[in-house]
Structure formats: structure tokens, C-alpha cells
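Heads up: the structure comes next, in C-alpha cells.
Predicted model, so just to flag it, every value in this text is computed and none were measured.
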Amino acid sequence: MSVFPLTGAVRPYAWGSRTIIAELQGRPAPTDEPEAELWLGAHPGDPATVQAPGGPVSLETLIADDPKGQLGAEVVEAFGPRLPFLLKVLAAEAPLSLQAHPDSEYAEQAYARQEADPSLPKNYTDAHHKPEMLVAVTPFEALCGFRSPAAAADALEAFGVPGLAPVVEALRSGDLRKAVHTLLTWPAEDRNGLIAAVVAAAGAAPADHPQAPSLALASHLAAHYPGDPGVLVALLLNHVRLAPGEAIWMPAGNLHAYLRGAGVELMAASDNVLRGGLTPKRVDVDELLNVLRFEVLDDPILPGAEAAPGVTTWSVPIPDFVLYRVDLDGTRPPTEVPATGPRIILATAGDIFVGESVDGTPVELTPGAAAYAPADAGLIKVAGTGQAFVAAVPS
């Protein structure tokens with residue numbers, strides 16, 4: 001079977017960039033509205049479009065009409081008649097919400113409880129987990145996982161705000177859960193005063209203050225989300241700065257937020273999100289605490305490994321997806337990507353040629369363009385000069 005051009009759906013969330021995705025795709029910039037994400041998948045919320053021989057068709061529809069032909073019998077047996085991953089280009093101009101996602105077992109049970117009892121809050125949209133990974137394509141900032149309670153206590157103490165003492169005390173005793181609960185349940189009138197005092201202290205601190213990064217982070221977040229408890233919760237997390245090509249991994253229960261930059265994101269195809277601040281949307285504190293894993297993450301960076309000459313991959317402990325980056329300098333023969341099953345290929349630089357189209361010629365991809373390879377396409381080769389990402393289901 002052939003490889004087909006794939007047109008993604010652009011999502012115009014308010015935190016998105018007016019330049020990054022447009023410039024990647026060679027469109028005029030700045031755009032009229034923010035462009036936050038380019039979705040490349042079969043997610044029913046905004047499925048990509050396959051340029052098939054009979055005309056454009058939704059990838060969701062294409063898979064629904066022939067699940068085994070498109071996905072392969074093994075994928076259908078493991079995940080049902082659906083593409084288990086969603087590939088995105090993410091372009092953040094402003095901070096996203098703090099959030100976490102349930103594991104598979106909890107998601108299945110929580111969704112079943114919610115469907116059986118209409119009085120329960122609608123926290124879950126499906127019965128699936130939503131682990132995520134992101135590879136930076138520009139310098140990228142994020143919050144990812146809890147840092148040591150002692151380091152978080154030092155950061156909060158640096159503001160010199162007496163009202164934060166209960167949180168500092170919880171952190172000094174190693175109780176991350178109590179610290180998060182206290183910050184998220186403080187009465188609004190007290191919380192607003194605390195955050196105002198924190199911002200004032202940050203503004204008055206000298207540039208060479210030992211906690212300068214935490215002070216600057218609090219000021220930055222408060223400017224976007226004044227009075228939001230997530231401004232303080234963020235200081236309990238690792239502040240990660242990725243260089244292009246570096247990756248982070250957000251498993252179930254990991255509290256995280258993207259702050260700014262562009263990256264290629266790959267996730268399990270689910271909408272299950274529990275928010276923890278930095279958002280005008282509802283925060284269900286009790287349910288968030290049920291999902292969070294209060295574990296210290298010493299190093300949020302996900303190391304890459306060579307899968308083949310010019311091919312990098314990142315090992316993640318789930319069966320839903322695997323991501324490859326193919327770097328082509330024009331001197332090697334076409335590179336075979338070690339993946340079968342359904343695949344989505346995204347070009348991020350140069351001029352890339354992928355597999356074979358219906359007429360037997362390779363599908364050409366320029367930056368920001370994508371292609372879809374069904375299971376029946378077999379192993380595919382990538383040629384040209386530049387860079388491409390390939391999302392697949394692990395064999």
C-alpha cells in the first residue's frame with residue numbers, strides 16, 4: 001500500500017504563537033490568530049486529512065472503514081480500531097496550564113464511575129491514559145515533575161513572605177502532597193495577597209540573588225495568571241530548559257506545564273487532563289491529588305539513542321507510541337526507519353522524500369508537511385536533505 005500526503009489541523013488556542021507554525025510551513029506570518037498546535041492524527045477532536053486517490057478523507061474515517069488494513073491486526077488487537085497516538089507540533093508563546101494525566105487503570109475505572117453516576121464531575125472524556133513526550137525544535141522551557149522538597153522550600157523561603165510558612169514546613173518534612181494541597185486550597189483572599197507579596201519580593205530582588213531563576217519564574221507566571229495558585233505550585237517543579245533536539249517525558253501522574261518554545265509532541269490519543277493551576281478553567285483539587293505521583297524527578301531530560309545511522313529514538317515504557325528523528329545530510333543512501341504498522345511522518349527541515357505514493361514516486365515533504373503510512377505500506381525509506389520525525393506503534 002502507498003504512503004499518502006497528510007494535512008494536519010491547526011488549533012488556535014490563546015497561548016499559541018502567531019509565527020512559529022506559519023513560518024515552519026512557509027505561510028505568511030504573523031497570523032491573524034494564535035496557532036498553538038498542529039494536530040497530525042485520527043483524534044476525533046480534529047482528525048487530519050489524508051490526500052487519498054479518491055479525494056480528501058479524514059484519517060479517522062479511513063481507519064474506521066478498514067481498521068485492520070490501516071492499523072494492522074496487532075494494533076487493532078491491542079488498542080481496538082483506533083490510532084493509539086497523536087503527533088503534534090506545539091508552539092507556545094505563553095505558559096500553558098499545569099496538568100497531569102491518569103494511568104490506564106485509573107482512567108478506565110474513573111471513566112466508568114463517571115459514566116455510571118451523572119452527578120460526578122466530568123473530569124474524563126475517555127477510558128485511556130495520556131502519557132506524553134516532547135522533543136524541542138527551538139529552545140524550549142517547561143516545568144516537569146517535582147524537584148526535591150528541600151530545593152522547593154529554599155525557593156519559597158527566598159521570597160521572605162511569612163504567609164508561605166505552612167507550605168515551607170510541609171516541604172521541609174518532605175510532604176509534597178500536603179504542600180500542593182495547601183497551595184491549591186488557600187482561600188482566594190489570602191492567596192491573592194500571598195502572590196502579590198511574592199511578585200513584589202521578586203521585583204525587589206537583586207539580579208544576582210541565589211534564587212533568581214525562581215523569582216523570575218514567579219514574576220513571569222503571575223504576569224500571565226495573576227492570583228492563580230499555580231504561580232506558587234510551579235515553584236515545586238523542575239524548571240527545564242531544552243536545547244533543540246533534547247526531549248522530556250511526562251508519564252502518568254507527572255505534573256507539568258509548557259512555558260514557551262516549539263516542539264514535536266507525541267502522546268497517547270486521549271483527552272484526559274487534570275489541571276493544577278495557570279488556567280481560568282476548573283481545577284478539581286481532590287481528583288488531581290488522586291492522579292498525581294508525589295515522587296521527586298531528579299532529571300526530567302529523556303535521553304535519545306541511535307536506532308540506525310542518522311536515526312534517533314527515545315525509549316518510553318509504554319506500548320502506545322515510539323518516536324524517531326531522521327537526520328539527512330544528503331550523503332547517505334535512503335534511510336530505512338525501523339518501524340511498521342501505522343506511521344505519521346512530519347518534516348521539520350529541508351526537502352524530504354518518503355516511501356512511494358500511488359503513482360510509485362516518493363511523497364515530497366517540505367517543512368511542516370506530513371504523510372501517513374498505513375500498516376500495509378511495509379517498511380518505508382526516507383531520503384533527501386533535512387530532518388523528519390516518524391511516529392509509530394512499537395513493534
Quick one: salt bridge (Lys or Arg N to Asp or Glu O under 4.0 Å) partners of [X], sequence neighbours excluded?
X: D126; answer: none
X: R275; answer: none
X: E246; answer: none
X: R147; answer: none

Stepwise side-chain contact (heavy atoms from CB on, under 4.5 Å) test for L217 and L143: CA-CA 10 Å; L217 176 62; L143 303 170; 3.9 Å; yes
Can you see which heavy atom on [X] is nearest to which on [Y], and at what distance?
X: L96; Y: A257; answer: O-CB, 3.8 Å
X: Y124; Y: A110; answer: CE1-CB, 3.5 Å
X: A222; Y: I195; answer: CB-CG2, 4.5 Å

Would you please name every residue forming a ring pair (Phe, Tyr, Trp, His ring centres under 6.0 Å) with W39, sequence neighbours left out?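 Once residues adjacent in sequence are excluded, the partners of W39 under the ring pair (Phe, Tyr, Trp, His ring centres under 6.0 Å) criterion are H43.
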Mind jotting down which residue pairs meet the salt bridge (charged side-chain N to carboxylate O under 4.0 Å, His left out) criterion with at least one end in residues 153-167? Sequence neighbours excluded, please.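 Qualifying pairs, neighbours excluded: D154-R172, E157-R172.
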Hey, could you give me each pair passing salt bridge (charged side-chain N to carboxylate O under 4.0 Å, His left out) that has a residue in residues 98-118? Not counting sequence neighbours.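 Salt bridge (charged side-chain N to carboxylate O under 4.0 Å, His left out) check on residues 98-118 returns D103-R293.
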Donor-acceptor contacts under 3.5 Å from residues 344-354 side chains, at least two apart:
from : atom 1 : to   : atom 2 : distance (Å)
T348 : OG1    : Q387 : O      : 3.4
T348 : OG1    : Q387 : OE1    : 3.0

Pair listing, side chain to side chain donor-acceptor pair (under 3.5 Å) test, anchored in residues 297-310, at least two apart: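 Output for this query is empty, none listed.
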Report the relative orientation of the aromatic rings in Y258 and F140; use parallel for angles under 30°, tilted for 30 to 60°, perpendicular for over 60°.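 Geometry flag for F140 against Y258: perpendicular rings.
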Whether D228 side chain and T279 backbone form a donor-acceptor pair below 3.5 Å: yes
Pair up each side-chain donor or acceptor in residues 331-342 with any protein partner under 3.5 Å, not counting sequence neighbours, and list the distances.
from : atom 1 : to   : atom 2 : distance (Å)
T331 : OG1    : D329 : OD1    : 2.6
T331 : OG1    : D329 : OD2    : 3.1
R332 : NH2    : D327 : O      : 2.6

Result block: side-chain N/O donor-acceptor pairs under 3.5 angstrom for residues 74-82, not counting sequence neighbours:
from : atom 1 : to   : atom 2 : distance (Å)
R82  : NE     : F79  : O      : 3.3
R82  : NH1    : A269 : O      : 3.4
R82  : NH2    : H128 : ND1    : 3.2

Can you list the residues that meet the side chain to side chain donor-acceptor pair (under 3.5 Å) rule with E23, with sequence neighbours excluded?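 Side chain to side chain donor-acceptor pair (under 3.5 Å) list for E23, sorted by chain: empty.
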